[in-house]
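Everything on this sheet refers to the single structure shown next.
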Protein chains: 2
Amino acid sequence: MIKSGKDIPDKTLERMVKYRRILDNFEAEGKAIIYSHEMAKLAGNTPSQMRRDLMSCGCAGSTRAGYNVKEMQHKIKEVLGFSDTKHTILVGVGNLGKAILSYFSFRVPRVQVVAAFDIMPQRIGRVISGTRCHDIHEMETIIKEKNVTLGIITVPREEAQALADRLVAAGITGILNFAPVTLDLPENVYVENMDITMKIEKIAFYSGEN
Amino acid sequence: MIKSGKDIPDKTLERMVKYRRILDNFEAEGKAIIYSHEMAKLAGNTPSQMRRDLMSCGCAGSTRAGYNVKEMQHKIKEVLGFSDTKHTILVGVGNLGKAILSYFSFRVPRVQVVAAFDIMPQRIGRVISGTRCHDIHEMETIIKEKNVTLGIITVPREEAQALADRLVAAGITGILNFAPVTLDLPENVYVENMDITMKIEKIAFYSGEN
DNA sequence: AGATGTGAAATTCTTCACAGCG
DNA sequence: CGCTGTGAAGAATTTCACATCT
């Protein structure tokens, strides 16, 4: 999908999320000032990359004294968007689905999971980490009712494409896909893939002397 | 970590894994020849990127006739390394851990999960998708015994760094980390992070007109 | 004609190096 | 000084365009 017209580089955005998490911790500790090299250490990158990233979000760091934690936090949240919350559903309440639902008890800013879906009767009606699991037949209705725009796919590979089509037809514009297939969807839908086995193979490839 | 001296670009490697999966399906269907544009469609990229990738693995596609499925498959497997299997453990047998263990029943080439670990008594001794869950106290012993070199971390955030240190001390050289923290580890350990909440926020950011 | 293979351009991302501020 | 801000260099990745082959 074509990225919408935000001027902030993709990789920078990814790191921004990380920075926010780190800053949240700092705030909790009452730390008020942070240097780019401290931040870089915690984020696993370099000071200059850190500073470059901050430029993209118009973040003023006062010379000599480092960056003001609260201000930086505010600016980053502004970029990531803290105003409107997007409604999300998750489809496929197996182990993976359950695991992801529990991530949300730790609250992901901007994103709220409003319902989960499955086909298995024994899962329907249950509440997992605060989210109710519905029969998948109700999916389209609930998407419309609750104004859902994001979908998380945690169903088996074979079912992923058909499900994605249904989600898109129902009006969803962003998908996080955990199934190991490439989804074929219209350009205006933004898709991110979480390819777990790929990552494992990457580790096998790079680790050790090889 | 510094990448070991393989000449193949990082992104290409990632796509290679995807290509292999696609080829496996093709082989099952008995298809013998494939064109770069077909492959690109299935992998969600462009024909020229596809061809460029194949160059990196010395993959001969005969002009006009496209690529020979079996040969391409062979070359890719050669690059990804199909000879030696790396032994892997997973630590943290919650929902996420269980989900990942079940991925392995679908067989990830090159990688074999030989044991799982947890601290919770009710999990210890159980067998999940063919992998036995041990008490975490046995971890170091089993790593040595079974010559384990890769570790998958699916414990809560607070425990991840300490666990990673233990893994590295015990001789592990590659880690797949699902906890949302940056692990601070020696240069010679290769780490990949699966940052689920980050991906979700990315979708929230890019999807829709925003 | 319809593929592949590949220099070369274009784009994106990272790092360097250093001016300038407090 | 030590730290930020940033132009400019450098590296990595993607895309273009076209010669070449059957």
Side-chain angles (χ1 to χ4, degrees), chain A residues 1-19 23 31-72 75-76 79 182 187 198 202 205-206, chain B residues 1-19 23 31-69 71-72 75-76 182 187 198 202 205-206:
Chain A
M1 183 220 184
I2 288 93
K3 277 177 224 149
S4 57
K6 301 228 176 139
D7 45 347
I8 161 169
D10 189 70
K11 292 298 171 62
T12 296
L13 183 80
E14 294 188 358
R15 286 188 295 264
M16 226 70 127
V17 174
K18 207 182 273 184
Y19 297 150
L23 288 171
K31 199 166 163 72
I33 292 283
I34 187 166
Y35 297 104
S36 63
H37 70 265
E38 295 179 272
M39 195 70 181
K41 184 88 194 304
L42 290 166
N45 60 138
T46 66
S48 56
Q49 185 170 66
M50 186 36 215
R51 296 201 300 274
R52 174 78 52 191
D53 287 341
L54 290 184
M55 282 176 65
S56 305
C57 70
C59 195
S62 69
T63 310
R64 172 78 179 128
Y67 297 85
N68 179 303
V69 170
K70 275 216 191 312
E71 189 192 317
M72 189 162 152
K75 287 278 186 183
I76 287 179
V79 169
T182 308
E187 277 281 296
M198 183 267 274
K202 234 181 126 174
F205 184 84
Y206 284 122
Chain B
M1 185 221 181
I2 289 92
K3 277 176 223 146
S4 58
K6 301 230 176 137
D7 45 348
I8 162 169
D10 188 71
K11 292 298 171 62
T12 297
L13 183 81
E14 295 189 357
R15 286 189 294 267
M16 227 71 127
V17 174
K18 206 182 274 184
Y19 297 150
L23 288 171
K31 199 165 162 74
I33 292 284
I34 186 166
Y35 297 103
S36 63
H37 69 266
E38 294 179 273
M39 195 68 181
K41 184 87 193 306
L42 291 166
N45 61 133
T46 65
S48 57
Q49 185 171 66
M50 189 32 217
R51 296 201 300 275
R52 175 76 55 189
D53 287 341
L54 290 183
M55 281 177 66
S56 304
C57 71
C59 194
S62 69
T63 310
R64 171 81 179 125
Y67 297 85
N68 179 303
V69 171
E71 189 192 317
M72 189 161 149
K75 288 278 185 181
I76 288 180
T182 308
E187 276 283 294
M198 183 266 274
K202 233 180 128 174
F205 184 83
Y206 284 122

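Chain naming here is simple, since letters A, B, ... match the order of the sequence lines and numbering starts at 1 in each. As a basis for the values below, the full set of heavy atoms in this structure was taken, side chains included, without hydrogen atoms, waters or symmetry mates.
A/Lys11 has its NZ atom 13 Å from the C1' atom of D/dA11, to the nearest Å. Rounded to an integer number of Å, the gap from B/Asp53 CG to C/dT6 P is 14 Å. One interatomic measurement links the two molecules: CD of B/Glu14 to C1' of D/dT14, which rounds to 14 Å at whole-angstrom precision. Separating the CD1 atom of B/Ile33 from the C1' atom of C/dG2 is a distance of 14 Å, rounded to the nearest angstrom. Rounded to a whole Å, the CD1 atom of A/Ile8 is 12 Å from the P atom of C/dT14. The interatomic distance linking B/Met39 (CE) with C/dA3 (C1') rounds to 16 Å, in whole Å. Residue A/Met50 contributes atom CE, which lies 13 Å from atom C1' of D/dC3 at whole-angstrom precision. Between A/Met72 atom CE and D/dC3 atom C1' there is a gap of 14 Å when expressed in whole angstrom units.
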### Query
Does the side-chain contact (heavy atoms from CB on, under 4.5 Å) test come out yes or no for B/Leu42 and B/Lys18, once each step is laid out?
CA-CA 9 Å; B/Leu42 291 166; B/Lys18 206 182 274 184; over 6 Å; no
### Task
May I have the step-by-step check of side-chain contact (heavy atoms from CB on, under 4.5 Å) for B/Phe205 and A/Val17, ending in yes or no?
CA-CA 11 Å; B/Phe205 184 83; A/Val17 174; over 6 Å; no
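For A/Tyr35, whose side chain is taken as the heavy atoms from C-beta onward, the closest listed nucleotide among D/dT14, D/dT4, C/dT14 is D/dT4. Here C/dA3 is the nucleotide among D/dT14, C/dT4, C/dA3 with the atom lying nearest to any side-chain atom of B/His37. You'll find that the side chain of A/Arg52 is closest to C/dT15, out of C/dT15, C/dA8, C/dT4. Taking the side chain of A/Met55 as heavy atoms from C-beta on, and the options C/dT14, D/dC16, D/dT6, the nearest nucleotide is D/dT6. Side-chain proximity of A/Thr46 to C/dT15, D/dG5, D/dT15: nearest is C/dT15.
Within the 3.5 Å criterion, the main-chain N or O of A/Asp53 finds no donor-acceptor partner in the side chain of A/Thr12.
In this model, the phosphate group of C/dC18 is not approached by any side-chain N or O of A/Arg51 to a distance below 4.0 Å at OP1 or OP2. Taking 4.0 angstrom as the limit, B/Ser36 places a side-chain polar atom (N or O) nearer than this to OP1 or OP2 of C/dT4. Considering only side-chain N and O atoms, B/Ser48 lies nowhere under 4.0 angstrom from the phosphate OP1 or OP2 of D/dC16.
Nearest-nucleotide assignment on DNA chain C puts the 5′-proximal partner with B/Pro47, out of B/Pro47 and A/Thr12.
A 4.5 Å side-chain heavy-atom check between A/Leu23 and A/Met39 finds at least one atom pair inside the cut-off.
Here CE of B/Met50 is found 10.0 Å from CZ of B/Arg15. Values are rounded to the nearest 0.5 Å.
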